[in-house]
Amino acid sequence: MSLVMLELTSEKNWEKLGKHILKFENDVVKLRQTIRHYAKQFRMGIVDQTRVTTAVSELFRNMYNYAGGGEVVIEKGIIEGKEALIITCIDSGPGIEDLELAMSDGYSTGMGMGYGLPGAKRLVDRFEIESKVNEGTIVRIMKWR
Amino acid sequence: MNTDLYEKKIPIIKIGNFLIVSIQVDMHDKLAIQLQSQILEEIGKTSAKGVLIDISVLEMVDSFIGRMLSGMATMASIMDAAVVIVGMQPAVAITLVELGLEMPGVDTALNMEKGMEMLEKRVRNEDNDLF
């Protein structure tokens, strides 16, 4: 796994669409439906809608299981000349010690089977992650329209 | 959104030798696990030979739900029942493959009718084996 990005891309001119708190198990379901709604509004095709919804479902589950929840920010902006839907998951959980390992296929510490992070990465156009042990993890995914 | 919706059990209907389950809600993880054990219990109770699971309403299957379905197929086969998943949306199938999730032991059919034919064929073949 070569492309584990440690720096998050961020631009001032992104338009913020929403901010949601993920706290309970039901929020995983509610929020992934919310994300699908945004993807639909963004006029993504049905397959891309499903890709984004599935990717965030993996990320939300991680947040709930490992960090006890967190915050989800939805934005849109222009990246490399393309219109992008940007979803950022922020938690203040235990953090990930070995990012490369966590991003490799088949790796899991919990109840998952290790499809979470690498699986989510395959479903989006850009995947960025920043994690500090004992401080938390930020995952940002982007999907072009 | 009404949280009570999620506490409801997903109904399992028995017709002849088969159980029919139609998943009509976006399941959270606990509900998925509950459904898994519910179906296995029902197989034990009714000696059903096959289970038809309709997921045509599901707009996404992530690694957890996928794993629940394939785990259930394995467990059911140990209990001598076949599981057929029917009605998977094309976008869901594409996403599952890209996610990298394999579902060993899970038979799929395009729709309820074809799924039922698969199960009936299986039961017939087993009956023939006895002679």
Side-chain angles (χ1 to χ4, degrees), chain A residues 1 20 22-40 44-66 69 103-108 110-125 127 141 143, chain B residues 1-10 23-37 54-75 85 87-106 108 110:
Chain A
M1 187 66 53
H20 302 268
L22 187 148
K23 193 166 180 207
F24 304 105
E25 192 167 23
N26 274 346
D27 293 341
V28 174
V29 175
K30 272 191 244 174
L31 277 180
R32 74 187 176 209
Q33 286 169 351
T34 306
I35 299 294
R36 179 180 281 271
H37 178 72
Y38 282 116
K40 219 179 262 179
M44 275 186 194
I46 182 85
V47 179
D48 276 344
Q49 284 175 32
T50 308
R51 286 187 180 117
V52 171
T53 312
T54 310
V56 296
S57 183
E58 303 293 340
L59 301 179
F60 294 167
R61 175 175 301 108
N62 280 354
M63 277 172 103
Y64 176 77
N65 283 344
Y66 298 114
M103 287 304 297
S104 58
D105 271 310
Y107 176 77
S108 170
M111 335 189 305
M113 294 273 273
Y115 295 107
L117 292 179
K121 182 172 181 251
R122 276 194 293 270
L123 293 175
V124 296
D125 291 311
F127 184 101
I141 60 169
K143 189 87 190 159
Chain B
M1 195 170 296
N2 187 1
T3 43
D4 288 342
L5 188 72
Y6 297 103
E7 305 312 323
K8 271 191 196 150
K9 279 190 177 175
I10 292 168
I23 302 175
Q24 300 281 343
V25 290
D26 195 354
M27 295 185 291
H28 62 71
D29 294 358
K30 272 202 198 104
L31 188 59
I33 295 172
Q34 187 193 42
L35 178 65
Q36 190 180 53
S37 51
D54 175 29
I55 61 164
S56 57
V57 180
L58 286 194
E59 289 187 317
M60 59 123 250
V61 171
D62 63 7
S63 66
F64 192 88
I65 296 173
R67 205 152 45 86
M68 182 277 285
L69 291 172
S70 68
M72 181 163 54
T74 310
M75 295 172 203
I85 311 265
M88 187 184 288
Q89 292 180 13
V92 172
I94 292 169
T95 305
L96 261 182
V97 171
E98 288 176 353
L99 192 62
L101 193 74
E102 284 168 36
M103 294 169 67
V106 176
T108 51
L110 224 44

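Every heavy atom of this structure was used, including side-chain atoms; hydrogens, water molecules and symmetry mates were not. It should be emphasised that the depicted structure is a prediction, and the values quoted were computed from it without experimental measurement. A, B, ... follow the sequence lines: proteins, then strands. Residue 1 opens every chain.
- A:Arg61 CZ to B:Asp29 CG: the interatomic distance, rounded to the nearest 0.5 Å, is 4.0 Å.
- The shortest side-chain heavy-atom distance between A:Thr54 and B:Val61 does not fall under the 4.5 Å cut-off.
- Looking at B:Glu59 and A:Thr50, their side chains never bring a donor and an acceptor atom within 3.5 Å of each other.
- Distance check: A:Tyr64 OH to B:His28 NE2 gives 9.5 Å after rounding to the nearest 0.5 Å.
- Scanning all heavy atoms of the two residues, the minimum distance from B:Gly100 to A:Arg122 falls at CA-NH2, 3.8 Å.
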Requested in this report: Apply salt bridge (charged side-chain N to carboxylate O under 4.0 Å, His left out) to A:Lys30 and B:Asp26, showing your working.
Outcome: CA-CA 9 Å; A:Lys30 272 191 244 174; B:Asp26 195 354; over 6 Å; no
Report task. Begin with the C-alpha distance, continue with both residues' side-chain angles, and end with the deciding distance and a verdict on side-chain contact (heavy atoms from CB on, under 4.5 Å) for B:Leu99 and A:Arg51. Result -> CA-CA 9 Å; B:Leu99 192 62; A:Arg51 286 187 180 117; over 6 Å; no
